[in-house]
Number of protein chains: 4
Amino acid sequence: MIIKLDITGDVPIYQQIRNQIVYGVATGQLSIGERLPTVRQLAGDIGVNPMTVSKAYGLLKDEGIIVIDRRQGAKINRLPVDDKALNEEFDQKVKLLISEARMKGISQDEIRKHINQLIDNVYEKKEGLH
Amino acid sequence: MIIKLDITGDVPIYQQIRNQIVYGVATGQLSIGERLPTVRQLAGDIGVNPMTVSKAYGLLKDEGIIVIDRRQGAKINRLPVDDKALNEEFDQKVKLLISEARMKGISQDEIRKHINQLIDNVYEKKEGLH
Amino acid sequence: MIIKLDITGDVPIYQQIRNQIVYGVATGQLSIGERLPTVRQLAGDIGVNPMTVSKAYGLLKDEGIIVIDRRQGAKINRLPVDDKALNEEFDQKVKLLISEARMKGISQDEIRKHINQLIDNVYEKKEGLH
Amino acid sequence: MIIKLDITGDVPIYQQIRNQIVYGVATGQLSIGERLPTVRQLAGDIGVNPMTVSKAYGLLKDEGIIVIDRRQGAKINRLPVDDKALNEEFDQKVKLLISEARMKGISQDEIRKHINQLIDNVYEKKEGLH
DNA sequence: GTGGTCTAGACCACA
DNA sequence: GTGGTCTAGACCACG
């Protein structure tokens, strides 16, 4: 799995790393039990400070997405079900994105089709994650 | 229109102000030509420094969402149509949100219904914005 | 002569008025001795505060471009020759404009032709101004 | 590269900083990839508040002239080509400057020679910027 | 009255 | 160390 960074953008690098791993897991590019590279290895590969990768792994661990084993490095965890996923914060973020689209002249139909397509992309891989 | 801030969160206050005005415009709570409160007034109302509000207005001005008239303060602008609204960046943000939902055990059907509901919320007000 | 204002722009309104009269004089749309509308009349025509027009006229008077006669209103003056016109400030402004063009990929030839064309536009009317 | 400020003038300091960096880039005093001083350093050198420098850098970032890398500070960006550089706004500014020169008695030949000289100054450094 | 600009000083996130 | 954000308070230009 390849991680692409935008060094100059506004999103912190550790956050970008975390996001791409999350995306990889959700789309099935990373399977349960699969091992991630070590902090140093990944840091070397993508050219960032090991502390940055470490922070990303820390985030993922806190979210229960990976488990860190001192001997084996990090592995993708069996994922924790959280029925409060679609909470107020989630709604706010989605509504902001939709609002910006509407403001730029996107019709209700367009946005609906477009987002449903994106949902299909993420759920393409049918096997469960839990 | 009421603006609610989350002082403790990590979203900058000026960004929150900008986001809520965007949301207000997209949902029709703010109409084209409508005047926004003055910098000082809004700053006083929500209890922040005028420069913070000023920065938010500056963002909105740069995006073409409001126009700042030296005589009357800020007004909602006729909105600039941008057919590149559903770009790569938009897709990434949406897919990340969907990925997080899937990881937390939300089914494809659930997320689809939920998001379609959110779209309807934003597009409730039928009159066009342009 | 028509004056067009951009109320929302960064340039002060009184400055815009002054600039357009300067342009009108230089291109010969306004002749020496020609009368300008009164402050109130112009203010009414273009929909701004009389104080704003008054400030513009004050600028033009200070520059020797118009003379103000209490009875007859303002008239275009025989223009004062100033051999320090192409001063350091002038050069800085021009070089900044050229720099911005070069930065955006405009070639030396293009900019030369383009600006020479603009010079011809302004000097079209051959009769002297002095 | 030296930055000189005119504190008494009416051009905002942050704008002056931005302008001089633009000029430096266009004339080749600043090369692509070159690092700018840090916000604090430049602020200290020229004796202004860091936020003022920060605003100037923000402008340059928004224009795509520099990129801000959290690790290394600001660097000159590969310059964005914009074929609409010689637009209406550009023409207006140039024509205003020419008009003022003509009004002060400068002849068409004088202004032509003078400006062509200024163009040569900016384009002195032959290597491309893109 | 309005927004624009600047300062001095502070705290935080990032790497 | 870097830039990003915010505050409190001030002055100015504009209309």
Side-chain angles (χ1 to χ4, degrees), chain A residues 5 7-17 43 46-56, chain B residues 5 7-17 35-44 46-58 61 66-75, chain C residues 5 7-17 43 46-56, chain D residues 5 7-17 35-44 46-58 61 66-75:
Chain A
L5 297 180
I7 298 293
T8 66
D10 289 334
V11 184
I13 294 173
Y14 78 91
Q15 188 71 259
Q16 292 183 49
I17 298 171
I46 60 183
V48 301
N49 193 309
M51 251 181 51
T52 306
V53 176
S54 180
K55 188 158 186 176
Chain B
L5 298 180
I7 302 292
T8 66
D10 50 1
V11 182
I13 294 174
Y14 74 89
Q15 189 68 268
Q16 292 183 49
I17 297 171
R35 285 181 55 182
L36 293 177
T38 68
V39 169
R40 284 171 170 78
Q41 193 178 333
L42 182 53
I46 59 184
V48 301
N49 190 291
M51 268 200 56
T52 306
V53 176
S54 181
K55 185 158 187 179
Y57 279 20
K61 187 186 92 179
I66 66 174
V67 289
I68 295 179
D69 180 327
R70 256 188 279 273
R71 298 172 304 179
Q72 304 182 14
K75 289 192 314 185
Chain C
L5 298 179
I7 299 292
T8 66
D10 288 335
V11 184
I13 294 173
Y14 77 91
Q15 189 69 260
Q16 292 183 49
I17 296 172
I46 59 182
V48 302
N49 194 309
M51 252 181 51
T52 306
V53 176
S54 179
K55 188 158 186 176
Chain D
L5 297 180
I7 302 292
T8 66
D10 49 2
V11 182
I13 295 174
Y14 74 90
Q15 189 69 267
Q16 292 183 48
I17 297 172
R35 285 181 55 181
L36 294 177
T38 68
V39 169
R40 284 170 171 78
Q41 194 179 332
L42 182 52
I46 60 184
V48 301
N49 190 290
M51 267 199 57
T52 305
V53 176
S54 181
K55 184 158 187 180
Y57 279 19
K61 188 186 91 179
I66 66 174
V67 289
I68 295 179
D69 180 327
R70 254 187 281 273
R71 297 172 304 179
Q72 304 182 13
K75 289 193 315 185

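Throughout, protein chains are lettered first and strands after them, A, B, ... in sequence-line order, and every chain is numbered starting at 1. Given the structure is predicted, the values throughout are model-derived calculations rather than measurements. FYI, side chains are in, hydrogens and waters are out, and symmetry mates aren't considered; it's all heavy atoms of this structure.
- Nearest-nucleotide mapping onto DNA chain E: of Y57(B) and V48(D), the residue sitting toward the 5' end is Y57(B).
- Following rounding to the nearest Å, D69(B) (CG) and dG4(E) (C1') show an atom-to-atom distance of 15 Å.
- Side chain of Q16(A) to backbone of V11(A): a donor-acceptor contact under 3.5 angstrom is found.
- Rounded to an integer number of Å, the gap from CG of D10(B) to P of dG4(F) is 16 Å.
- Looking only at distances, no side-chain donor or acceptor of R35(D) sits under 3.5 Å from a matching main-chain atom of G73(D).
- Residue K55(D) has a polar side-chain atom (N or O) positioned under 4.0 Å from OP1 or OP2 of dT5(E).
- When all heavy atoms of I68(D) and K61(D) are compared, the pair lying nearest together is CD1-CD, 3.9 Å.
- Minimum interatomic distance between A43(C) and P50(C) (heavy atoms only, all atoms of both residues): CB-CA, 3.7 Å.
- The nearest whole Å value for the distance from the CG atom in L5(D) to the P atom in dC6(E) is 10 Å.
- No donor-acceptor contact under 3.5 Å links the side chain of R40(B) to the base of dG1(E).
- Note on R70(B): every side-chain N or O is 4.0 Å or more away from OP1 and OP2 of dG3(E).
- dC14(E) is paired with dG1(F) under the criterion used here, namely a Watson-Crick or G-U wobble arrangement in which both key atom distances are under 3.5 Å.
- The side chain of S54(D) contributes no N or O atom lying less than 4.0 Å from OP1 or OP2 of dG3(F).
- For T52(D), no side-chain nitrogen or oxygen approaches OP1 or OP2 of dT5(E) to under 4.0 Å.
- When both distances must be under 3.5 Å, the Watson-Crick or G-U wobble mate of dA8(E) is dT7(F).
- Atom NZ of K75(D) and atom P of dT2(F) are 16 Å apart (whole Å).
- When distances run from any side-chain atom of P12(D) to the nucleotides dT5(E), dG3(E), dG3(F), the shortest one goes to dT5(E).
- In terms of position along DNA chain F, the nucleotide closest to M51(D) lies nearer the 5' end than the nucleotide closest to the other residue of the pair M51(D) and V11(C).
- Contact annotation: Y14(C) side-chain N/O to dC14(F) OP1/OP2 distance is under 4.0 Å.
- Nearest-nucleotide positions on DNA chain E place I68(B) closer to the 5' end than the other of I13(D) and I68(B).
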Open item on the list: Determine whether L5(B) and I17(B) satisfy the following criterion, side-chain contact (heavy atoms from CB on, under 4.5 Å), listing intermediate values before the conclusion.
Closed with: CA-CA 8 Å; L5(B) 298 180; I17(B) 297 171; 4.1 Å; yes

